Amino acid sequence: MSVRKSIEYGVSATACAIAMAGGLTPAAALAQTTQPETPAPQETDAEADNVIVVSGFRESLETAVAEKKNSNQILESVTAEDIGKLPDNSIGESIARLPGVTSQRLNGRANGISIRGFGPDFSQTLLNGREQTTTSDVRSVDFDQYPAEVVNQVVVYKSPTASLVGQGLVGTIDVRTIRPLDLDERVLAVGARGSWADLGALNAGSEEFGYRANATYVDQFADDTLGIALSASYTDEPYQLQEFNAWGYAGAGTAADPAVIGGSKSFVTSTQLKRFGVTGAVQWEPSPNWNVTLDGFYSDFDDDQSKRGIELPLGFNGPPTNATVEDGFTNSGTFNNVRGVVRNDVFQREAELFSGGLNVEYEGDDGWSAMFDFGYSRTDRSELSIESYSGTGFGGGNGAADNIGFQSGDTGTVFNPTLNYSDPNLIVLTDPLGWGGGVVPQAGYQNDRIVDDELKQYRVEVGKEFYGSFLSQVLFGLNYTDRTKSLRADEAFVRLPGGALEATIPSQYLLEPTDLSYLGLGPIVSYDARELIANGVLVLEPRVSSGPGAATDVLSKSFDFSEKLMTGYLQANIEQEFGDTLLTGNFGVQAINTVQKSTGLIFPPSGPEPRQQGAEYWDVLPSLNLALRLPSDTVIRFAAAREIMRPRIDDMRLSIGYGIDITGPTPIIRGSSGNPALRPYRANAFDLNIEQYFGGSDGVLSLQLFYKDLKSFVFTSRVPYDFSTFPAPTNAATYPGLSPIGTIERPTNIGGGKLYGGELAATLPFDVFTPALDGFGVTGGVGYTKTEIEDQNGNLTTIPGYSEWVANGTLFFEKGGFDARGSVRYRSEFLGDFTGFGGTPTRRTALGETIVDAQIGYDFEGGMLDGLSVYLQGQNLTDERFASVGADRRQVVDYQIYGRRFLAGFTYKFR
């Protein structure tokens with residue numbers, strides 16, 4: 001078997017799965033994929049009668065096992081059970097069930113993916129092997145942007161090769177769509193499903209039920225030399241959330257100064273997710289030596305949220321009365337003279353993503369091969385946030401005050417108010433706490449963040465196979481990536497017209513009150529702030545974004561970033577027999593030249609000035625992958641590589657504010673900014689795998705050990721900085737001899753450490769042990785990761801997304817068209833990323849969580865319903881919360897309830 005063909009198997013998105021969908025066993029599918037030069041023997045009718053056809057979830061697992069076994073890299077994968085049918089509700093959920101992989105939930109959806117304990121910022125996501133723009137401010141992909149119904153396979157590479165362009169530090173995720181010539185028949189499939197969450201519709205105007213619909217068409221023409229594939233999916237689904245959130249906790253947590261909730265900002269959030277996604281591919285083989293593929297993906301994403309709740313200033317305004325204290329923590333009491341802020345907020349996120357490319361491959365009969373690939377990706381995103389305030393009166397000294405009892409516990413804090421916050425005669429539009437300065441009311445705030453992200457990628461590769469040689473093939477390639485990303489913040493104060501201090505909410509805009517009984521607060525006044533602004537009840541006062549008097553805090557959030565990468569690689573594939581043992585693998589080197597630039601502003605006393613800064617540097621990344629394949633169906637793998645992950649884009653923004661610090665013995669210029677010269681995270685990585693396969697490729701038991709020596713990490717630290725090219729700071733003349741060499745607080749490549757651990761994983765159909773258990777099986781794994789990362793001061797620190805333990809397991813039964821499975825996934829506590837108002841990221845400790853899902857279904861074979869599959873899914877069946885805490889675990893910061901979700905649907909494939 002040529003290694004080139006094995007690599008092509010890894011690059012092909014669907015070859016094995018589609019071959020099995022056409023009626024082949026997994027072994028035959030692999031034979032067609034990896035050894036096309038050897039025709040498969042014709043099967044006699046008698047042999048065909050004895051073939052056990054595997055389909056559905058078990059087929060998906062066998063495909064993943066076969067890919068793992070035949071690959072020369074360390075990888076995990078998940079494949080669609082059938083056309084347009086991933087095993088889970090979303091891509092994120094499917095990926096989160098792979099060994100060593102987990103997710104962070106957003107509004108109840110598995111959206112951010114963590115590999116081997118590191119957060120989403122440390123892995124890279126590709127689409128059909130190409131780098132992608134993102135709907136986030138950073139590089140990490142929000143998996144909401146990919147409808148599960150248009151994805152055919154996802155592969156997670158845990159070890160890199162020299163020819164893997166766009167790799168991450170802890171892994172690379174490749175999302176793949178259908179290639180039409182991988183099928184040998186026409187396919188037309190449709191599907192739909194309805195969804196319901198047991199929390200119901202929590203906000204006025206929100207929905208209780210949702211739906212999805214999808215369709216896929218694949219066909220071949222001109223003697224199977226021309227193929228077309230088209231998949232489309234539309235989603236209109238609600239998500240509900242009940243949230244407790246604390247501003248923080250006042251007090252030192254001692255007997256003399258006990259900790260107590262400092263403030264509460266809790267919401268009921270209703271999200272309506274609407275998304276249209278479509279993928280298409282045209283494939284042409286003008287001759288057996290040539291293959292041309294044109295593919296594209298488009299997603300139109302609209303995430304509309306209504307957030308309604310009450311913001312309460314509590315312990316930060318003074319201690320409670322009648323307090324009960326235990327071990328330095330206040331469990332209950334009463335806060336007096338509280339003036340709350342009734343919030344009716346809106347968050348609307350709209351994004352359009354287009355990605356596509358052209359690939360041309362040549363495979364010569366003399367062993368020479370060549371490939372050209374062009375990829376293009378673009379994302380246009382707008383995030384509109386509107387805060388709207390109301391209360392009993394203006395400025396904190398007017399209107400009725402509340403005496404609120406409280407009890408703090410494991411689920412947050414529950415309140416007992418004396419006011420009726422749903423009374424429109426009591427609650428008026430105003431600035432209840434004087435956030436506008438106590439003179440001009442600030443009745444809210446609007447922030448519109450506009451992001452444009454564009455990426456172009458060009459790649460050429462030439463290869464030569466050597467038959468009967470230890471070096472089976474040599475590959476040389478060049479890749480050029482040009483990416484630009486910009487963010488613009490458009491912000492405004494929300495005011496009352498005519499300078500009014502208070503205004504009654506017009507009755508025609510009042511909605512059904514939102515119920516906060518889960519917090520003990522009862523119902524509150526509700527309205528849509530967008531309608532009040534559109535009809536002049538509230539008005540916007542744009543904040544100056546340029547010229548004298550510009551709002552520097554707004555300007556500092558904006559950035560323009562560009563990155564040009566020239567990557568060259570040389571890779572040698574190896575294949576050598578030693579008796580009954582086969583050694584395969586590859587070794588090579590990748591060299592990357594990076595030119596990065598950031599355009600932004602500095603903020604001297606004279607006003608903002610545009611500047612551009614950046615850096616140019618090289619990374620040289622050697623890699624080695626070896627797989628020793630024993631006749632006992634045991635595979636022993638070893639991998640070693642230099643790995644990198646490029647830093648967060650928002651960390652590289654240019655925005656510098658500075659002034660003179662006179663608090664020390666000597667005046668000094670100090671500033672803060674992003675860092676346009678930031679280098680990647682870098683590590684030396686080593687992996688050792690032992691994999692035992694059962695029944696050919698039906699099952700596997702594997703032990704994976706890994707170690708990463710992190711040579712460069714990114715921390716925010718204060719470092720020396722030369723301000724000699726900047727205008728003098730305010731009052732510089734007052735300090736003669738002031739040195740232009742000061743300090744700046746910015747993200748910096750400093751610190752390092754190590755990461756190590758292991759993963760034990762298994763996919764086992766039980767009939768490999770006894771035929772009596774035919775149809776039953778289990779898949780899953782457990783992973784342990786230990787980190788020892790040191791900051792700039794040599795102190796051990798926690799890294800974002802790090803969970804010490806992750807585990808998942810699925811027990812399934814599939815036979816005679818019936819399938820049932822139950823799944824559990826667990827992750828221990830981790831440092832989670834949370835997005836505040838205006839997109840400002842914050843991090844805090846998220847508690848461990850265990851998610852339980854289940855599904856039953858039936859596939860009809862024969863008769864009038866032939867080709868129909870029906871299923872019922874239950875998600876988050878134990879109603880697991882998502883919670884984050886402070887240093888004292890009793891100080892609950894977030895406690896979010898998403899509810900259970902139930903889905904019923906079908907897929908139908910026309911025969």
Side-chain angles (χ1 to χ4, degrees), residues 200-208 238 240-242 265-272 274 302-312 339-350 382-395 398-400 402 417 419-433 435-436 440-448 491-517 521-542 837:
L202 298 181
N203 274 302
S206 67
E207 302 291 337
E208 187 173 358
Q240 309 289 342
L241 163 65
Q242 291 177 332
K265 186 171 65 174
S266 302
F267 292 97
V268 165
T269 301
S270 296
T271 300
Q272 194 69 30
K274 296 181 179 180
D302 187 352
D303 189 344
D304 195 335
Q305 295 183 6
S306 296
K307 301 176 67 70
R308 298 186 174 112
I310 303 179
E311 192 163 359
L312 299 171
R339 286 180 167 82
V341 181
V342 176
R343 298 279 295 269
N344 280 262
D345 297 356
V346 173
F347 177 83
Q348 185 171 19
R349 183 183 189 190
E350 297 178 330
S382 172
E383 280 187 0
L384 175 65
S385 302
I386 302 176
E387 294 183 352
S388 178
Y389 315 141
S390 55
T392 61
F394 169 68
N398 300 294
D402 201 355
L419 295 180
N420 179 8
Y421 290 95
S422 66
D423 184 357
N425 297 315
L426 175 68
I427 306 300
V428 295
L429 299 170
T430 187
D431 184 352
L433 296 180
W435 289 339
V440 180
Q442 180 180 327
Y445 198 83
Q446 176 173 294
N447 181 7
D448 191 6
E491 303 185 12
F493 293 114
V494 177
R495 307 288 196 194
L496 294 169
L501 300 182
E502 301 174 0
T504 301
I505 306 170
S507 59
Q508 65 267 34
Y509 301 114
L510 288 171
L511 304 174
E512 181 181 348
T514 298
D515 189 6
L516 301 182
S517 295
L521 293 170
I524 64 169
V525 165
S526 299
Y527 55 86
D528 189 330
R530 288 170 293 193
E531 291 189 4
L532 299 187
I533 293 172
N535 291 281
V537 180
L538 296 172
V539 295
L540 299 179
E541 180 186 303
F837 183 79

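What's counted below: heavy atoms across the whole structure, side chains too, no hydrogens, waters or symmetry copies. These numbers were taken from a predicted model, which means no experiment stands behind them.
- Looking at Gln348 and Gln305, their side chains never come closer than 4.5 Å, going by heavy atoms from C-beta outward.
- In this structure Thr504 satisfies the side-chain hydrogen bond (donor to acceptor under 3.5 Å, both in side chains) test with no other residue, sequence neighbours excluded.
- For Arg339, the salt bridge (charged side-chain N to carboxylate O under 4.0 Å, His left out) test picks out no residue, with sequence neighbours left out.
- Here the closest non-hydrogen pair linking Gln240 and Glu207 is NE2-O, 3.1 Å.
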ask   = Does the pair Thr392 and Val428 meet the rule for a side chain to side chain contact (heavy atoms under 4.5 Å, CB included), with working shown?
value = CA-CA 6 Å; Thr392 61; Val428 295; over 6 Å; no
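- Inter-residue side-chain proximity for Lys307 and Arg343 is flagged as unmet; no heavy-atom pair is nearer than 4.5 Å.
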Working for side chain to side chain contact (heavy atoms under 4.5 Å, CB included), residues Val346 and Leu384 = CA-CA 8 Å; Val346 173; Leu384 175 65; 5.6 Å; no
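- Among residues two or more places apart in sequence or in another chain, the ring pair (Phe, Tyr, Trp, His ring centres under 6.0 Å) test is passed with Phe394 by none.
- Here Ser388 pairs with Tyr527 under the side-chain hydrogen bond (donor to acceptor under 3.5 Å, both in side chains) rule; sequence neighbours left out.
- Every pair tested for salt bridge (charged side-chain N to carboxylate O under 4.0 Å, His left out) that includes a residue from residues 499-514 fails, sequence neighbours excluded, so the list is empty.
- With sequence neighbours left out, the ring pair (Phe, Tyr, Trp, His ring centres under 6.0 Å) criterion links Tyr421 to no other residue.
- The shortest non-hydrogen separation linking Leu496 to Ala503 is CD2-CB, 3.9 Å.
- You'll find the side chain of Ser390 reaches within 4.5 Å of the side chain of Ile427, heavy atoms only.
- Contact annotation: the side chain of Tyr509 approaches that of Asn535 to within less than 4.5 Å [non-hydrogen atoms, C-beta and beyond].
- Scored by the side-chain hydrogen bond (donor to acceptor under 3.5 Å, both in side chains) test, Ser507 finds no partners at all (sequence neighbours excluded).
- Nearest heavy-atom pair across Gln442 and Asp431 is N-OD2, 2.9 Å.
- Across all non-hydrogen atoms, the minimal contact from Ser526 to Asn344 is CA-OD1, 3.2 Å.
- Leu540 meets the side chain to side chain contact (heavy atoms under 4.5 Å, CB included) test with Gln446, Ala492, Val494, Ile533; sequence neighbours excluded.
- No side-chain donor from either of Asn447 and Ser385 sits under 3.5 Å from a side-chain acceptor of the other.
- Look at Arg530 and Asp304 and you find a salt bridge, because one of the NZ, NE, NH1 or NH2 atoms lies within 4.0 Å of a carboxylate O, short of that distance.
- Gly309 approaches Phe267 most closely through the heavy-atom pair N-CD2, 3.6 Å.
- Among residues two or more places apart in sequence or in another chain, the salt bridge (charged side-chain N to carboxylate O under 4.0 Å, His left out) test is passed with Asp402 by none.
- Applying the salt bridge (charged side-chain N to carboxylate O under 4.0 Å, His left out) test to Asp515 and every residue at least two apart in sequence or in another chain returns nothing.
- Aromatic ring centres of Trp435 and Tyr389 lie closer together than 6.0 Å.
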Stepwise side chain to side chain donor-acceptor pair (under 3.5 Å) check, Ser382 with Asp448 = CA-CA 7 Å; Ser382 172; Asp448 191 6; 3.0 Å; yes
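- A search for side chain to side chain contact (heavy atoms under 4.5 Å, CB included) contacts involving Ser422 returns Asn420, Pro513, Pro523, not counting sequence neighbours.
- The side-chain hydrogen bond (donor to acceptor under 3.5 Å, both in side chains) check on Glu531 picks up nothing, with sequence neighbours excluded.
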